[in-house]
Peer 1: 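One structure coming up, written as structure tokens, with questions to follow.
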Amino acid sequence: MIERLQAPRGTFDVLPDDSERRAAVEAAARQVLGAAGYRRIETPAFEATELFARGVGESTDIVQKEMYTFEDGGGRSLTLRPEGTAPICRAYAEHGMHKLAQPVKLWYLSSFFRFERAQAGRYRQFWQVGAEALGSDDPAVDAESILLAVALLDELEVQQVRVRVSSLGSLAARRDYRERLQEHLRAHADQLSAEVRARIDLNPLRAFDSDHPDTREVMREAPRLLDFLSAQDAEHFAAVRALLDAADLDYEVDPTLVRGLDYYTRTVFEIESGALGAQSAVGGGGRYDGLVEQVGGPPTPGMGWAAGVERMLLAAGEGRAVAPEVDLYVAVDGGQPARQAAFALAAEARRARLHAQLELGGRSLKGQLKQAGRVSARYVAIVGDTGSALRDMDSGDQEDVQVSGVVARVLRELRGLGA
RNA sequence: GUGGGCGUAGCUCAGCUGGUAGAGCUCCUGGUUGUGGUCCAGGUGGUCGCGGGUUCGAGUCCCGUCGCUCACCCCA
């Protein structure tokens with residue numbers, strides 16, 4: 001026997017029940033973001049590898065080991081998009097959007113690809129909803145962006161949401177700070193846990209998350225990024241916070257918050273859900289004032305975020321899927337003449353905008369009625385070779401109705417019900 | 001890449017100390033409800049993940065391998 005093929009590791013099929021819940025995410029995003037003036041954008045599923053190398057940053061895990069990179073027939077190096085911000089900045093520059101009224105507000109719902117070990121809430125092909133506002137460095141853009149992310153999660157009833165906010169300052173300030181932190185860690189290396197010590201060069205910020213008692217002792221004395229901000233950056237962050245406070249958002253300032261992409265500057269934030277497993281981040285984002293320029297556009301400030309669709313769904317708990325309604329089920333009780341009449345009746349019903357299904361499974365009449373009940377059909381037309389009947393599935397009432405009169409009769413009944 | 005858990009019908013699972021596969025649900029058919037939603041009966045459906053080994057005999061023991069899953073890491 002031939003080996004049974006499976007979906008590739010880390011990917012999944014969206015089955016009909018799931019697809020209805022995902023459609024609800026799309027509708028919520030359209031509603032929440034559309035109301036704030038964001039318009040939807042779609043970019044290609046793959047881009048020049050260079051875009052991510054320059055945009056996301058050579059040193060990031062994403063670029064170093066998580067990209068699906070391949071060469072096309074023309075010898076170009078392409079990469080399945082691992083994130084959405086760099087492509088949007090590319091599109092902004094490519095289409096001269098800096099000439100439009102600023103900021104340009106865009107949202108997307110797309111799939112992304114990262115070569116990682118799959119686990120709860122983490123996949124190799126996954127979906128994100130994101131929003132980007134390009135062309136303004138006003139703190140109100142930052143605050144509004146964060147509020148919209150929270151509003152979307154709220155709309156989807158994502159449970160146990162926590163919002164953390166911080167500021168990374170400029171790239172230069174961050175670099176300075178990183179060195180100072182590494183110096184501090186090296187000076188106290190003997191007190192650190194082995195894991196933290198091993199990561200001093202790679203990711204010193206991680207040391208703040210350690211549970212190791214001695215390490216925590218060392219970190220109490222460690223320099224804080226927020227103290228390294230320039231006057232303007234500190235002022236900007238204060239303004240963002242004032243706006244979030246004014247909006248009554250419940251959040252906490254976390255000076256150890258780091259985002260794994262190099263392009264972030266100033267404001268960063270992350271939204272977690274306690275309803276998730278180890279992959280607890282449902283969404284996150286921040287400001288990226290140098291990114292458009294980095295990918296070849298004019299100097300342009302930007303601010304945005306992304307939220308994982310699978311994680312939102314996971315943290316939102318079970319929503320019941322609503323199956324499509326069925327107004328009329330056309331059952332066949334006879335031979336070839338009945339089958340043809342039934343087929344024509346179903347087509348006629350659909351032209352009249354009824355949700356109509358025809359028996360396609362070759363079932364017995366009993367089986368057909370059972371199927372009609374299963375799909376919650378409101379009416380069933382039973383078409384025989386010489387006559388036909390219409391059955392009301394709610395009341396069980398049934399009467400003879402000519403095939404030619406079925407559609408008009410159903411329409412009249414449905415209207416009568418005020419439907 | 002590194003660990004832990006798990007792999008028996010479409011789904012949820014039983015299979016005790018090894019003896020040639022079972023249940024419930026689903027689906028189909030028939031009976032009973034005037035032809036559905038109740039009840040009854042029957043039926044379809046299984047390479048016991050895969051490959052070796054031990055044994056007269058393995059779903060059950062041993063080794064390997066693949067897959068799923070959770071966690072580390074990282075992130076959405």
Side-chain angles (χ1 to χ4, degrees), chain A residues 1-12 15 17 25 56 59-66 81-85 108-130 149 152-153 158 195 198-199 202-203 205-206 209 257-261 268-273 276-285 304-315 326 329 331-334 359 361-384 388-399:
Chain A
M1 180 179 273
I2 296 169
E3 185 192 357
R4 183 157 72 173
L5 264 16
Q6 293 179 288
R9 171 177 277 191
T11 68
F12 53 88
L15 300 178
D17 280 351
V25 172
V56 177
S59 69
T60 60
D61 275 19
I62 292 180
V63 171
Q64 290 215 323
K65 52 186 193 191
E66 296 177 2
R81 59 184 170 200
E83 61 98 49
T85 303
Y108 58 86
L109 170 58
S110 319
S111 58
F112 297 92
F113 308 84
R114 261 124 92 158
F115 184 75
E116 299 182 88
R117 281 288 284 263
Q119 71 189 69
R122 187 168 82 183
Y123 303 95
R124 289 183 171 179
Q125 180 182 186
F126 58 100
W127 295 73
Q128 288 186 340
V129 176
L152 176 61
L153 298 184
V158 173
E195 292 93 351
R199 302 186 64 77
L202 208 58
N203 190 352
L205 278 302
R206 267 290 163 217
D209 297 334
L257 179 61
V258 235
R259 310 241 79 233
L261 300 90
V268 287
F269 74 103
E270 185 160 304
I271 305 178
E272 289 184 326
S273 168
L276 259 25
Q279 307 302 314
S280 59
V282 239
W305 51 265
V309 171
E310 292 75 34
R311 291 188 189 176
M312 290 192 283
L313 255 17
L314 224 57
V326 177
Y329 191 93
V332 181
D333 185 23
E359 167 59 19
R363 295 179 181 82
S364 65
L365 184 57
K366 171 182 172 142
Q368 294 183 60
L369 269 298
K370 190 168 182 173
Q371 172 67 5
R374 219 162 12 219
V375 302
S376 304
R378 186 66 187 78
Y379 293 94
V380 173
I382 300 168
V383 181
S388 60
L390 186 65
R391 182 177 181 83
D392 180 329
M393 292 296 276
D394 287 353
S395 66
D397 294 342
Q398 179 172 326
E399 61 180 291

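Quick note on labels: first sequence line is chain A, next is B, and so on, each numbered from 1. None of these values were measured; they are calculated from a predicted model.
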Peer 1: Return yes if a side-chain donor-acceptor contact under 3.5 Å exists between A:Gln125 and A:Thr11, otherwise no.
Peer 2: no

Peer 1: Would you kindly give the CD-to-C1' distance between A:Gln6 and B:C50, to the nearest whole Å?
Peer 2: 12 Å

Peer 1: Classify the nucleic acid contact of A:Gly121 as base, sugar-phosphate or nothing, counting any heavy atom under 4.0 Å across all strands shown.
Peer 2: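 Base contact.
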
Peer 1: Answer whether the closest heavy-atom distance between the side chains of A:Leu369 and A:Arg391 falls below 4.5 Å.
Peer 2: yes

Peer 1: Nearest heavy-atom pair of A:Ser273 and A:Ala315: which atoms, and what distance?
Peer 2: OG-CB, 3.4 Å

Peer 1: Remember a base hit wins even if backbone is also touched, and classify A:Ala306 as base, sugar-phosphate or nothing at under 4.0 Å, heavy atoms.
Peer 2: sugar-phosphate

Peer 1: Taking atom P in both B:G22 and B:G45, what distance in whole Å separates the two?
Peer 2: 14 Å

Peer 1: Protein-nucleotides 2-4 of chain B N/O pairs closer than 3.5 Å?
Peer 2:
from, atom 1, to, atom 2, distance (Å)
B:U2, O4, A:Arg117, NH1, 3.2
B:U2, O4, A:Arg117, NH2, 3.2

Peer 1: If I compare all heavy atoms of A:Glu272 with all of A:Val282, which pair ends up nearest, and what's the gap?
Peer 2: C-CG2, 3.7 Å

Peer 1: If the C1' atom of B:G18 is compared with that of B:G53, how far apart are they to the nearest Å?
Peer 2: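 15 Å, rounded to whole Å.
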
Peer 1: Given the C1' atoms of B:U12 and B:C50, what is the spacing between them in whole Å?
Peer 2: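 24 Å, rounded to whole Å.
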
Peer 1: Find which nucleotide of RNA chain B each of A:Gly367 and A:Ala120 is nearest to by heavy atoms, and output the residue with the more 5' nucleotide.
Peer 2: A:Gly367

Peer 1: Where are the stems of RNA chain B, defined as at least 3 consecutive Watson-Crick or wobble G-U pairs with both distances under 3.5 Å?
Peer 2: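 Expected stems, ordered by start: B:1-7 with B:66-72, B:10-13 with B:22-25, B:27-31 with B:39-43, B:49-53 with B:61-65.
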
Peer 1: Could you tell me if the side chain of A:Phe126 sits less than 4.5 Å from the side chain of A:Arg311, heavy atoms only?
Peer 2: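 A side-chain contact under 4.5 Å is absent here.
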
Peer 1: Heavy-atom distance under 4.5 Å between the side chains of A:Val383 and A:Val332, does that happen here?
Peer 2: no

Peer 1: Take the protein atom CD of A:Gln371 and the nucleotide atom C1' of B:U29, then report the distance between them rounded to whole Å.
Peer 2: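 The distance from CD of A:Gln371 to C1' of B:U29 comes to 15 Å, rounded to the nearest Å.
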
Peer 1: Kindly give the atom pairs (protein nitrogen or oxygen, nucleotide nitrogen or oxygen) under 3.5 Å for nucleotides 37-43 of chain B.
Peer 2:
none

Peer 1: Distance check, C1' atoms only: B:U38 and B:U32, in whole angstrom units.
Peer 2: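 10 Å, rounded to whole Å.
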
Peer 1: Without decimals, in angstroms, what is the distance between A:Asp17 CG and B:C11 P?
Peer 2: 15 Å

Peer 1: With the side chain counted from C-beta on, respond yes when A:Pro82 and A:Phe112 share a heavy-atom pair under 4.5 Å apart, and no when they do not.
Peer 2: no

Peer 1: Provide, to the nearest angstrom, the distance between the CZ atom belonging to A:Arg9 and the P atom belonging to B:G7.
Peer 2: 18 Å

Peer 1: A:Phe115 versus A:Lys65: any side-chain heavy-atom pair under 4.5 Å?
Peer 2: no

Peer 1: Check nucleotides 73-75 of chain B for protein N or O atoms closer than 3.5 Å to its own N or O atoms and list the pairs.
Peer 2:
from, atom 1, to, atom 2, distance (Å)
B:C73, O3', A:Arg199, NH2, 3.1
B:C73, N3, A:Arg122, NH1, 3.0
B:C73, N4, A:Gln119, OE1, 3.3
B:C73, N4, A:Arg122, NH1, 3.0
B:C73, N4, A:Gln279, NE2, 2.8
B:C74, OP1, A:Arg199, NE, 3.2
B:C74, OP1, A:Arg199, NH2, 2.2
B:C74, OP1, A:Asn203, ND2, 3.3
B:C74, OP2, A:Arg206, NE, 2.8
B:C74, O2, A:Glu116, OE1, 3.3
B:C74, O2, A:Arg122, NH1, 2.9
B:C74, N3, A:Gln279, OE1, 3.1
B:C74, N4, A:Gln279, OE1, 3.4
B:C74, N4, A:Gln279, NE2, 3.3
B:C75, OP1, A:Gly260, N, 3.0
B:C75, O3', A:Arg114, NH2, 3.2
B:C75, O2', A:Arg114, NH2, 2.6
B:C75, O2, A:Gln279, OE1, 3.4
B:C75, O2, A:Arg311, NH1, 2.7
B:C75, O2, A:Arg311, NH2, 2.9
B:C75, N3, A:Gln279, OE1, 3.4

Peer 1: Within the 4.5 Å heavy-atom criterion, are A:Arg122 and A:Glu310 side-chain neighbours or not?
Peer 2: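 A side-chain contact under 4.5 Å is absent here.
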
Peer 1: Could you report the tightest heavy-atom contact between A:Ala372 and A:Met393, atom names first, then the distance?
Peer 2: CB-CE, 4.1 Å

Peer 1: Round to a whole Å and report the spacing from CZ of A:Arg374 to C1' of B:C28.
Peer 2: 10 Å

Peer 1: Can you find a pair of side-chain heavy atoms, one from A:Trp305 and one from A:Leu152, that are under 4.5 Å apart?
Peer 2: yes

Peer 1: Between atom CD in A:Glu310 and atom P in B:C70, what is the gap in whole Å?
Peer 2: 13 Å

Peer 1: Quantified in whole Å, what is the C1' atom distance between nucleotide B:C75 and nucleotide B:G5?
Peer 2: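 Their C1' atoms lie roughly 24 Å apart.
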
Peer 1: If you assign A:Gly277 and A:Ala7 each to the RNA chain B nucleotide with the nearest heavy atom, which residue ends up on the more 5' nucleotide?
Peer 2: A:Ala7

Peer 1: Taking the C1' atom in each of B:G1 and B:C13, what is the distance between them to the nearest angstrom?
Peer 2: 35 Å

Peer 1: For nucleotides B:G34 and B:C16, find the distance between their P atoms and express it as a whole number of Å.
Peer 2: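 After rounding to an integer number of Å, I get 48 Å for this pair.
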
Peer 1: Could you tell me which residues satisfy salt bridge (charged side-chain N to carboxylate O under 4.0 Å, His left out) with A:Arg9, sequence neighbours excluded, listed by chain and number?
Peer 2: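 Per chain and number, A:Arg9 pairs via salt bridge (charged side-chain N to carboxylate O under 4.0 Å, His left out) with no residue.
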
Peer 1: If I pick the P atom on B:G10 and the same atom on B:C48, what distance separates them, to the nearest angstrom?
Peer 2: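 Between the two P atoms, the distance is 13 Å.
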
Peer 1: OH of A:Tyr108 to CH2 of A:Trp127: how many Å apart, nearest 0.5 Å?
Peer 2: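 Answer rounded to 0.5 Å: 13.0 Å.
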
Peer 1: Identify whether any heavy atom of A:Ala372 sits under 4.0 Å from a base atom; if not, whether one sits that close to sugar-phosphate; answer base, sugar-phosphate or nothing.
Peer 2: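 A:Ala372: no heavy atom of the nucleic acid under 4.0 Å.
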
Peer 1: How many whole angstroms separate atom CG of A:Leu369 from atom P of B:G31?
Peer 2: 14 Å

Peer 1: Using whole Å, what does the distance between atom P of nucleotide B:A76 and atom CZ of A:Phe269 come to?
Peer 2: 10 Å

Peer 1: Under 4.0 Å between any heavy atoms, over every strand shown, what does A:Tyr123 touch: base, sugar-phosphate, or nothing? Just pick one.
Peer 2: base

Peer 1: Between A:Ser111 and A:Arg81, is any pair of side-chain heavy atoms under 4.5 Å apart?
Peer 2: yes

Peer 1: List the residues meeting side chain to side chain donor-acceptor pair (under 3.5 Å) with A:Glu66, not counting sequence neighbours, and say none if there are none.
Peer 2: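 If we apply the side chain to side chain donor-acceptor pair (under 3.5 Å) test to A:Glu66, skipping adjacent residues, there are no hits.
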
